[in-house]
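Here the structure comes first, spelled out in structure tokens, and everything after it is commentary.
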Amino acid sequence: MTTISKVAERAGVSRTTVSHVLNHADRVSEHLRTRVLAAIDEMGYVPNPQAQSLRTGRTNIVALLIPDIRNPFYPELVKTAQSDLEAIGLDTMIFNSDVPGGHPQDHNREYLRQIRNKRVDGLIVGDFALHRMHDELLKLDIPTVFIGDLPNRAVDSVKIDDFGGGYAMGKLLAQKGHRRVAHVTGPAHFAEAMARADGIEKGLADHGAPPSADLRYEGTYLAPSGEEAVDWLVEHRRGNMPSAIFFANYLMAMAGLARLHDHNIRVPEDIAVAVFGDQPEMRYVRPTLTRVGVAPSALAHRAVAMLIERLNGVYTGEVRAEVLECAVREFASA
């Protein structure tokens, strides 16, 4: 078995120098570091992670807690965060709280217990993963960044400007001449969903297209409610359809598009379609959807940066609550 002592002997340095190369590279000259790394490669030495953790007080692991791995928003977020963390030598541990699956709060508390017990260096939480459990963040003693709206400001957070994004889309649709706009919202118990709803309705109203309550349908953020919303419109408004429909997220929009096709309703000839969201997969959808939002990768980049600033002591100040501005992208669908 290759040991740190054998690596030191091969490289012609002390065990302390090898340890510094592995754990504190800034304390070793480039020449010595190159020599030690060459010896490590030649001998196939693999450091003991438990021993390293005891020496450094770190596990070099960051946990990611997300609400729904099946929602295309979150794999993109996780992939970006994982790449950013890997680039600086940190591994990731992913927990899926499966909010749509109806897992109870005890399930999420168990995940938090595991995160504490595994002594991870930091935690990134994806919005609804801890729905109605934000106070649990107050009990954590590790650097944490929350992605989404966090009213109790327990930890650093970064979120989308949901109201501003909704407002911008309402303004665009009104300026394009739409006066009757159907609106498929997210669930009323999600603050972000209601911020988007308030935003688009204010944007419409401020630009000459007052919203109508009878064109508002509460969805679930899941695909079936996009289909159901279109069926509801067709059943109740067949003779007086709106000129546009706005879906509050990507999953509902994709299902809604398919259902419009099933009803032989053409986009954008018969009805314009717009969506809140900016996932990479949307570039494959035809017609290309007019949309507003922030790419999941942008949220992930900023969340990782905020976490690393805490981990490395670059930032030690008050809790931060950052907001990313949404961008409107106009395409063929509206």
Side-chain angles (χ1 to χ4, degrees), residues 49 53 58-101 103-150 152-160 190 192 221 249-251 277-281 293-312 315 319-322 324:
S53 177
R58 286 194 176 186
T59 58
N60 290 330
I61 296 173
V62 169
L64 273 68
L65 180 59
I66 59 171
D68 182 12
I69 197 66
R70 296 166 299 181
N71 184 325
F73 182 92
Y74 295 104
E76 179 67 17
L77 187 148
V78 168
K79 174 178 172 290
T80 302
Q82 191 171 24
S83 295
D84 287 358
L85 292 165
E86 185 179 82
I88 54 175
L90 298 178
D91 294 324
T92 54
M93 182 179 296
I94 301 165
F95 295 85
N96 174 39
S97 68
D98 193 21
V99 170
H103 280 175
Q105 291 187 354
D106 287 346
H107 176 85
N108 294 333
R109 288 193 182 92
E110 172 59 19
Y111 275 164
L112 291 175
R113 186 191 67 79
Q114 290 183 40
I115 288 168
R116 282 191 291 265
N117 289 348
K118 292 178 187 300
R119 300 176 59 244
V120 300
D121 294 336
L123 171 64
I124 295 174
V125 179
D127 46 37
F128 310 123
L130 291 179
H131 180 55
R132 294 177 177 168
M133 294 180 63
H134 293 160
D135 285 348
E136 294 293 324
L137 294 170
L138 295 166
K139 304 173 185 177
L140 296 176
D141 59 356
I142 57 173
T144 300
V145 176
F146 186 90
I147 297 176
D149 185 50
L150 187 61
N152 70 355
R153 295 177 65 89
V155 297
D156 288 339
S157 65
V158 57
K159 59 172 276 188
I160 295 171
F190 285 168
E192 292 92 335
Y221 275 160
N249 86 335
Y250 167 80
L251 287 178
D278 198 10
Q279 283 86 311
E281 295 85 357
V294 173
S297 57
L299 283 165
H301 285 314
R302 187 58 196 139
V304 169
M306 294 172 78
L307 183 66
I308 298 308
E309 287 167 2
R310 287 286 190 188
L311 283 172
N312 293 341
Y315 181 82
V319 169
R320 298 168 288 182
E322 298 189 3
L324 301 188

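For G148 against D127, the heavy-atom pair with the smallest separation is CA-CB, 4.2 Å. Closest non-hydrogen pair, P67 versus A129, comes out as CB-N, 3.5 Å. Taking all atoms of both residues into account, the shortest heavy-atom contact from A154 to L137 is CB-CB, 3.8 Å.
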Working for side chain to side chain contact (heavy atoms under 4.5 Å, CB included), residues E192 and I160: CA-CA 9 Å; E192 292 92 335; I160 295 171; over 6 Å; no
Do L65 and Y111 pass the side chain to side chain contact (heavy atoms under 4.5 Å, CB included) test, and can you show the C-alpha distance, the side-chain angles, and the key distance before you say yes or no? CA-CA 8 Å; L65 180 59; Y111 275 164; 3.9 Å; yes
Given H134 and L150, is the side chain to side chain contact (heavy atoms under 4.5 Å, CB included) satisfied, shown in steps? CA-CA 7 Å; H134 293 160; L150 187 61; 3.6 Å; yes
Could you walk me through whether T144 and I124 pass side chain to side chain contact (heavy atoms under 4.5 Å, CB included), step by step? CA-CA 6 Å; T144 300; I124 295 174; over 6 Å; no
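Between the side chains of N96 and D68, no donor N or O sits under 3.5 Å from an acceptor N or O.
Residues passing the side-chain hydrogen bond (donor to acceptor under 3.5 Å, both in side chains) test with E76: none are found, sequence neighbours excluded.
A side-chain donor-acceptor contact under 3.5 Å links T59 to the backbone of R119. Looking only at distances, a side-chain donor or acceptor of D121 sits under 3.5 Å from a matching main-chain atom of N60.
Using a 4.0 Å cut-off between charged nitrogen and carboxylate oxygen, R113 and E136 do not count as a salt-bridge pair. R302 has a carboxylate O that lies under 4.0 Å from a charged side-chain N of E322, or vice versa, which qualifies the two as a salt bridge.
Inter-residue side-chain proximity for V78 and I94 is flagged as met; some heavy-atom pair is nearer than 4.5 Å. Here the side chains of K159 and L324 are not in contact, with every heavy-atom distance at 4.5 Å or above. Side-chain contact between L307 and L311: present, with at least one pair of heavy atoms (C-beta onward) separated by less than 4.5 Å. With contacts defined as side-chain heavy-atom distances shorter than 4.5 Å, the pair V155/V145 does not qualify. Side-chain contact between R153 and R320 is absent, with no heavy atoms from C-beta onward closer than 4.5 Å. Annotation: side chain of I61 is not in contact with side chain of L90 (no heavy-atom distance under 4.5 Å). Contact check for Y221 versus L251: no side-chain heavy atoms found under the 4.5 Å cut-off. Contact check for Y250 versus P72: side-chain heavy atoms found under the 4.5 Å cut-off.
Taken from CD in Q82 to CE in M93, the straight-line distance is 12.0 Å, to the nearest 0.5 Å. With values rounded to the nearest 0.5 angstrom, H301 atom NE2 is found 10.0 Å from L77 atom CG. Taken from CZ in F95 to CG in N108, the straight-line distance is 11.5 Å, to the nearest 0.5 Å. Expressed to the nearest 0.5 Å, how far CZ of F73 lies from CD1 of I66 amounts to 10.5 Å. Atom NE2 of H131 is separated from atom OG of S97 by 11.0 Å, given to the nearest 0.5 angstrom.
Of the listed residues (T80, V304, D91), just one forms a side-chain contact (heavy atoms from CB on, under 4.5 Å) with L85, and that residue is V304.
Between F190 and F128, the ring centre distance stays below 6.0 Å.
For the pair R310 and Y315, the NZ or CZ position fails the cation-pi test of under 6.0 Å to the six-membered ring centre and within 45 degrees of the ring normal.
Atom CD of E86 sits in a sparse spot, with 12 or fewer heavy atoms from other residues, nucleotides or ligands closer than 6.0 Å.
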